[in-house]
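Residue numbering restarts at 1 for every chain, and letters A, B, ... go by the order of the sequence lines.
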Protein chains: 2
Amino acid sequence: MPVRPPRPSSPPLNALRAFEAAARLGGVTKAAEELCVTPGAVAQHIKALEDWAGARLFDRHAKGVTLNELGERSLPDFLAAFDQMNRAVQNLRMNAAPNSVRIATLPSLAQLWLSPRMPGLRAAFPQARISIAALEQPPNLAREGYDIAIFLEPKTSRGGLILAEDHILPVCAPALAKQVQQPADLAAMLWLKDSLWPDDWAMWVQKTQLALPNLPETVSYSLYSLALEEARNGAGILMGHDFLVQASLLDGSLVAPFNTPVSTGKVVKARLRDGDQRGLSPRLVRALAAAA
Amino acid sequence: MPVRPPRPSSPPLNALRAFEAAARLGGVTKAAEELCVTPGAVAQHIKALEDWAGARLFDRHAKGVTLNELGERSLPDFLAAFDQMNRAVQNLRMNAAPNSVRIATLPSLAQLWLSPRMPGLRAAFPQARISIAALEQPPNLAREGYDIAIFLEPKTSRGGLILAEDHILPVCAPALAKQVQQPADLAAMLWLKDSLWPDDWAMWVQKTQLALPNLPETVSYSLYSLALEEARNGAGILMGHDFLVQASLLDGSLVAPFNTPVSTGKVVKARLRDGDQRGLSPRLVRALAAAA
DNA sequence: TTCTAGACCTAGAAAAACTGAGCCTAGTAT
DNA sequence: ATACTAGGCTCAGTTTTTCTAGGTCTAGAA
């Protein structure tokens, strides 16, 4: 009759996850957002882990928590462990559904750049189940459930595949263009801008070395496609990104009063998840790059 | 107002753990034992994971499960992930309580070899909080909550620190020894043996090249210390392991009728957990080795 | 054929996690 | 100085998840 004493128990995995998230993001509240629970739940997990270990992992302050020495010492181990765990999960997802591809991209890119290309893509890869998620921030591909990320990055960033350069140029409805004969006329108009790219106008003005008599009124939109729609309706003049307004310029719903495009120093890049170098996603990305 | 769509959810960590255990141990029941739950619970976890992935991981047979191709492909990732996770947990435990040391060893070693040495050890390391667990099988030090494992291993095994050689030699109570003048007398006696080492007698008989007229009666004990106690009470003759009977030989409660010790080819080895090369445990092991 | 080991299934019970509301603290603004 | 605020903690009650018990099913062994 073999002796089988209860083995020393390990702490609950969910508590470890809560600790890792709070430590990585630097706060209980941020961790709670990532884990889609309330901060109280995360606090309880962390407390449970600290009770298990018999020692504190965080210093508590009125404005947030910081890792203490023990926490600081433990964090790298847990980061590595959860990295590996998520990699394993993503690989499993990919192997279990090799025809499903998830693309994460900016809302504007999703609607104005990717969407028009989807029919061609679906035709070229009829077996693929492609889904698109619009995110404002690029996801961590190793951890989150996306296979491809398409975002704006500095030209100088390493890796990834360039899909388009980012050039900006004012655009407006054809009717409005008549009022814009010379650059100085711009100052009299309503400037439309995307709240994600608040500095587009300043950059264009600076690089074209325009001297404007006074600052114009501006309106911000949280979605580029909204601003674009307004521009087409003649609401004002929009700072256009070439890869986003190309279609509208081609169909004539927008025109560019000046032919002075300016590079923002950024590019649209597609990145693949590590460990997904042989599947459907790389072929899909190559097709996108070729079509661009 | 930033768009924050719900990120694609990852599967429950506990389901991953159930899968990993079942795959590693080759069965739902074995995994359930390791996780201290019923097989049904493990089966449900695995099913949940398979539902999440949308694909099966195991082939089900009437007698057990086997990994299918997807499971086989995914297992190494999860083994690595849980290895790392457990390493992280053990490091946390060690760093949180650097004075606590957990030793895992055979029940017999715990009672007859380690226990007599503990007072000296506690005197040499007064700050140490040493706990001992008696296991029949050596634990996986990277995963389970032990810092030191002391077990019998083949002489040829790599690593670890040798604490004692394993020699065997029949021993009995002094009163009984009078009936054993020559080896052939052994056959008439009751042989006591530990059920963990059923072959001790055969090995000794073979190596000493004794020709016994007939096979004696034997009695098995599940604990060596029980057999030893019985031997001291004169119940029969016990195959003694030197490091276990030394104390009894010294205090005279047991004697060895023949001076023909035989090496079993094994040694008592202490092993340390990876990542615990600087703490209290290594010093403790060195002290044990020095005392031996 | 019956027996058995191992897995699966389901309903109900037990345990864990989560929420919501209130409290606390220490910077910051008034 | 006082009020405000952000961020975290705590507690009770609720929801959700997980677990168990007991039964069923299957295929290989006796």
Side-chain angles (χ1 to χ4, degrees), chain A residues 1-2 4 6-7 9-68 70-72 75 82 89, chain B residues 1-2 4 6-7 9-53 55-68 70-72 75 89:
Chain A
M1 169 174 32
R4 213 183 278 274
R7 306 264 155 141
S9 66
S10 67
L13 290 174
N14 292 329
L16 299 179
R17 175 164 54 184
F19 163 70
E20 189 262 0
R24 173 165 43 85
L25 303 172
V28 170
T29 304
K30 287 179 196 140
E33 276 170 32
E34 171 166 305
L35 299 171
C36 300
V37 294
T38 55
V42 174
Q44 284 175 66
H45 275 309
I46 292 172
K47 189 173 178 313
L49 180 58
E50 288 177 328
D51 288 349
W52 176 87
R56 295 249 133 165
L57 292 160
F58 286 103
D59 288 332
R60 271 73 170 180
H61 309 112
K63 297 249 169 178
V65 293
T66 54
L67 286 169
N68 65 15
L70 177 61
E72 206 72 75
L75 178 58
F82 279 99
V89 167
Chain B
M1 170 175 31
R4 214 184 277 274
R7 305 265 156 140
S9 66
S10 67
L13 290 174
N14 293 329
L16 299 178
R17 174 163 56 184
F19 163 70
E20 189 263 357
R24 174 165 43 85
L25 302 172
V28 170
T29 304
K30 287 178 196 141
E33 275 169 33
E34 170 165 304
L35 300 172
C36 300
V37 294
T38 54
V42 174
Q44 285 175 67
H45 276 309
I46 292 171
K47 189 173 177 313
L49 180 58
E50 290 177 328
D51 288 348
W52 176 87
R56 295 249 133 167
L57 292 159
F58 286 102
D59 287 332
R60 271 75 170 177
H61 308 114
K63 297 247 170 182
V65 293
T66 54
L67 285 169
N68 65 13
L70 178 61
E72 207 69 77
L75 177 59
V89 167

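Rounded to whole angstrom, the span from the CD atom of A/E34 across to the P atom of C/dC18 amounts to 14 Å. Computed from coordinates, the A/D59 CG to D/dG8 C1' distance equals 13 Å when rounded to whole Å. Atom pair A/L67:CG and D/dG8:P shows a separation of 12 Å (rounding to whole Å applied). Rounded to whole Å, the distance from CZ on A/F19 to P on D/dG8 is 15 Å. B/L35 places its CG atom 13 Å from the P atom of D/dT18, with the value rounded to the nearest Å.
The shortest non-hydrogen separation linking B/L16 to A/V89 is CD1-CG2, 3.6 Å. Contact between A/S9 and A/W52 at its shortest, heavy atoms only, is O-NE1, 3.4 Å. The minimum heavy-atom distance between A/L67 and A/L75, with the atom names listed, is CD1-CD2, 3.7 Å. Closest non-hydrogen pair, A/L49 versus A/P11, comes out as CD1-CB, 3.9 Å. The minimum heavy-atom distance linking B/A31 with B/A18 is given by the pair CB-O, 4.5 Å.
For B/L70, the side-chain contact (heavy atoms from CB on, under 4.5 Å) test picks out A/L92, A/N95, A/A96, B/A55, B/L57, B/N68, B/S74, with sequence neighbours left out. Under the rule for a ring-ring contact (aromatic ring centres under 6.0 Å, His included), A/F82 has no partner lying at least two apart in sequence or in another chain.
Nucleotides of DNA chain C nearest to A/V42 and B/K30 differ in position, and the one nearer the 5' end is that of B/K30.
Relative to the axis of its first five pairs, the axis of the last five pairs of the helix from C/dT1-D/dA30 to C/dT30-D/dA1 sits at 20°, rounded to 10 degrees.
Heavy-atom distances under 4.0 Å link DNA chain C to A/Q44, A/H45 of residues 44-56 of chain A, given in residue order.
Applying the salt bridge (Lys or Arg N to Asp or Glu O under 4.0 Å) test to every pair with at least one member in residues 38-49 of chain B, sequence neighbours left out, gives these pairs: B/K47-B/D51. Every pair passing ring pair (Phe, Tyr, Trp, His ring centres under 6.0 Å) that includes a residue from residues 19-43 of chain B is listed here, sequence neighbours excluded: B/F19-B/F58, B/F19-B/F78. Pairs of residues two or more places apart, or lying in two chains, that qualify as side chain to side chain donor-acceptor pair (under 3.5 Å) and include a residue from residues 12-28 of chain B are B/N14-B/R17, B/E20-B/R24, B/E20-B/R143, B/R24-B/E34.
In this structure, A/N14 reaches the C/dA17 phosphate: one of its side-chain N or O atoms is under 4.0 Å from OP1 or OP2. Within the 4.0 Å cut-off from OP1 or OP2 of D/dC9, at least one side-chain nitrogen or oxygen of A/R60 is found.
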Name the atoms and distances for all side-chain donor-acceptor pairs under 3.5 Å in residues 38-46 of chain B, with sequence neighbours left out.
| unit_1 | atom_1 | unit_2 | atom_2 | d |
| --- | --- | --- | --- | --- |
| B/Q44 | NE2 | B/G40 | O | 3.4 |

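The side chain of A/A41 lies closest to C/dC18 when the candidates are D/dC9, C/dC18, D/dT18. Taking every side-chain heavy atom of B/T38 into account, D/dA21 is the closest of D/dA21, C/dA7, D/dT10.
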Can you pull every protein N or O that's under 3.5 Å from an N or O on nucleotides 1-6 of chain C?
| unit_1 | atom_1 | unit_2 | atom_2 | d |
| --- | --- | --- | --- | --- |
| C/dA5 | O4' | B/K63 | NZ | 3.0 |
| C/dG6 | O3' | B/G64 | N | 3.4 |
| C/dG6 | N3 | B/A62 | O | 3.4 |

